[in-house]
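Single-structure report; data block below.
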Amino acid sequence: MTDLQSIKTRFGIIGNFPVLNRALQKAIQVAPTDISVLVMGESGVGKEFIPKIIHAESRRKHQPYIVVNCGAIPEGTIDSELFGHEKGAFTGATSTRKGYFEVADGGTIFLDEVGELPVQTQVRLLRVLESGEFMKVGSSQIQKTNVRIVAATNVNMLNAINDGRFREDLYYRLNTVQIDMPTLRDRKGDIHLLFRKFAIDFAEKYRMPELVLTQDAVNYLENYPFPGNIRQLRNLVEQMTVVEQERTVNSTKLSEYIPMQSQLPAVIKKGSGISSNEFNSERDIMYKILFDMRNDLNDLKSLTSELIKNRENSDFSNQEKNLINRVFTPEAQNQNANSLLFFENGNQNSTIISNQNEEYEDVEDIEIEETKPDSLSLQNNERELIVKALDKHKGRRNKAADELGISQRTLYRKIKQYNLED
């Protein structure tokens with residue numbers, strides 16, 4: 001069996017991180033077999049090296065090796081690309097064409113971004129994995145093929161299965177052996193090695209002096225999250241090699257290319273899948289933000305109200321009184337000048353604390369009607385968001401509460417308030 005260091009040298013793999021070594025070792029071990037392999041990892045981590053190693057170390061190494069980017073082929077033509085088609089099978093099919101599975105007979109097919117395959121194509125692929133049989137588009141004749149499939153994806157497959165975007169039976173067929181590729185931010189000790197390798201390569205390519213990092217620049221790179229992983233680091237080195245006149249790079253210069261914190265706002269969704277029930281429009285996003293802000297403010301009001309009620313020392317300074325009036329109650333201006341008003345948790349009840357002669361008396365609850373059009377509009381949008389969350393999670397209130405960023409208790413009260421009971 002080929003040793004690990006010779007594989008790294010042969011394929012130009014840099015690094016000694018234990019998880020990386022384990023991934024390469026697994027690829028070497030499964031190469032002599034014909035079992036399917038699923039490579040998992042974020043975009044840019046170097047997943048494409050694993051199928052190359054598997055093919056090169058297998059008995060199929062002298063047979064075709066075909067790479068298929070499943071995410072780059074349009075849904076309407078991917079079946080034709082993979083399995084071929086007969087003449088006249090569809091508009092534009094002027095001749096019979098062989099597909100990748102026919103061309104790669106006896107060899108290896110690497111299905112990159114397999115999580116992007118349409119469901120209909122997944123059914124055809126499952127049949128190939130189970131029996132080695134397929135049919136061309138527009139044909140009724142069954143053909144046999146003998147290919148080894150290695151797939152890769154950056155999609156969370158379990159989430160894709162739960163969302164109905166990927167077949168569970170196909171997942172387990174592909175995932176006979178799973179190889180996980182580590183992210184660059186988990187390989188901090190390898191970052192400087194990779195930078196030096198890229199710096200040497202690009203210095204030779206563009207006939208320019210090699211870039212050199214100062215120690216503070218090395219520390220900066222090791223603490224940078226690298227969302228684009230190795231691909232991002234490679235592009236960074238190439239850009240700096242061409243653009244920078246000074247060949248010694250410090251952390252200040254690096255921060256101009258890769259700032260530690262992005263200055264642009266972003267909307268981040270939970271999970272990798274996209275559901276039609278998620279809040280995708282700008283209007284829904286804005287209402288969601290307002291809804292979260294309102295809940296935070298109501299929680300703050302409720303907490304402060306309880307602290308005032310339970311305060312052992314009933315004396316408040318003038319500064320505290322002014323601050324409470326300004327923060328809590330624009331409505332308090334319509335009350336007695338010596339009163340404080342607190343709205344609790346967005347309901348219709350309020351609490352008035354009397355402030356006659358600079359002394360706070362007992363707290364009593366009163367009813368206040370909210371009739372402002374903007375309040376009604378906000379309530380309608382709040383109701384709409386709650387309905388969407390409940391529909392999305394099929395009535396599971398714990399999931400809906402997490403989606404809305406509120407407690408289950410608050411959600412239950414809102415359901416009662418808006419008459420959303422089943």
Side-chain angles (χ1 to χ4, degrees), residues 7-8 11-27 30 36-54 67-73 109-117 122 149-163 165-166 170-172 174-195 197-198 220-239 254 257-262 264-275 278:
I7 287 292
K8 289 182 178 180
F11 291 93
I13 299 174
I14 305 295
N16 295 301
F17 187 64
V19 178
L20 174 65
N21 291 340
R22 174 58 178 160
L24 298 177
Q25 192 66 51
K26 287 178 72 173
V30 303
S36 301
V37 177
L38 180 62
V39 186
M40 304 286 289
E42 293 182 7
S43 178
V45 295
K47 298 187 292 294
E48 65 278 3
F49 286 108
I50 299 299
K52 289 180 181 178
I53 294 172
I54 291 174
V67 179
V68 182
N69 189 333
C70 301
I73 304 175
I109 288 184
F110 172 39
L111 298 177
D112 196 11
E113 304 301 341
V114 71
E116 305 297 332
L117 279 177
Q122 293 175 30
I149 295 178
V150 180
T153 183
N154 59 3
V155 173
N156 187 317
M157 297 300 281
L158 297 180
N159 287 345
I161 292 170
N162 292 333
D163 293 340
R165 294 182 291 110
F166 202 86
L170 176 58
Y171 168 71
Y172 289 114
L174 292 172
N175 196 25
T176 307
V177 173
Q178 178 173 319
I179 297 179
D180 297 304
M181 292 294 287
T183 62
L184 184 57
R185 58 183 169 274
D186 292 329
R187 299 170 52 190
K188 292 186 177 181
D190 294 340
I191 292 178
H192 192 199
L193 293 175
L194 288 165
F195 186 98
K197 171 64 167 59
F198 294 145
Y220 188 94
L221 285 179
E222 290 180 349
N223 290 304
Y224 184 75
F226 280 105
N229 293 291
I230 299 174
R231 184 182 296 120
Q232 182 183 5
L233 177 61
R234 185 181 185 277
N235 293 341
L236 169 68
V237 178
E238 183 173 18
Q239 181 184 7
L254 279 176
Y257 290 86
I258 48 173
M260 192 61 71
Q261 293 182 347
S262 174
L264 297 176
V267 177
I268 301 175
K269 297 178 181 177
K270 296 179 180 179
S272 301
I274 298 176
S275 171
E278 290 190 22

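A heavy-atom distance below 4.5 Å is found between the side chains of Leu184 and Ile191. Glu42 places a side-chain heavy atom less than 4.5 Å from the side chain of Val45. Contact check for Ile258 versus Tyr220: side-chain heavy atoms found under the 4.5 Å cut-off.
A search for side-chain contact (heavy atoms from CB on, under 4.5 Å) contacts involving Ala23 returns Ile179, Met181, not counting sequence neighbours. A search for side-chain contact (heavy atoms from CB on, under 4.5 Å) contacts involving Tyr171 returns Leu38, Met157, Leu158, Ile161, Phe166, Asn175, Gln178, not counting sequence neighbours. In terms of the side chain to side chain donor-acceptor pair (under 3.5 Å) criterion, Gln122 has no residue partners (sequence neighbours excluded). Take Tyr172 and apply the side-chain contact (heavy atoms from CB on, under 4.5 Å) test, not counting sequence neighbours, and it matches Glu168. Partners of Glu48 according to the side-chain contact (heavy atoms from CB on, under 4.5 Å) rule, which considers only residues two or more places apart in sequence or in another chain, are Phe110.
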Which donor-acceptor pairs under 3.5 Å do side chains of residues 14-22 form with protein atoms, sequence neighbours excluded?
from  : atom 1 : to    : atom 2 : distance (Å)
Asn16 : OD1    : Lys8  : NZ     : 3.3
Asn21 : OD1    : Lys8  : NZ     : 2.6
Asn21 : ND2    : Asn16 : O      : 3.4

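For the pair Asp112 (side chain) and Val67 (backbone), a donor-acceptor distance under 3.5 Å is absent. In this structure, the side chain of Asp163 does not engage the main chain of Arg165 through any donor-acceptor pair within 3.5 Å.
Arg187 and Glu222 are not joined by a salt bridge, as no carboxylate oxygen comes within less than 4.0 angstrom of a charged side-chain nitrogen.
Rounded to the nearest 0.5 Å, atoms CG (Leu24) and CD1 (Ile13) are 4.5 Å apart.
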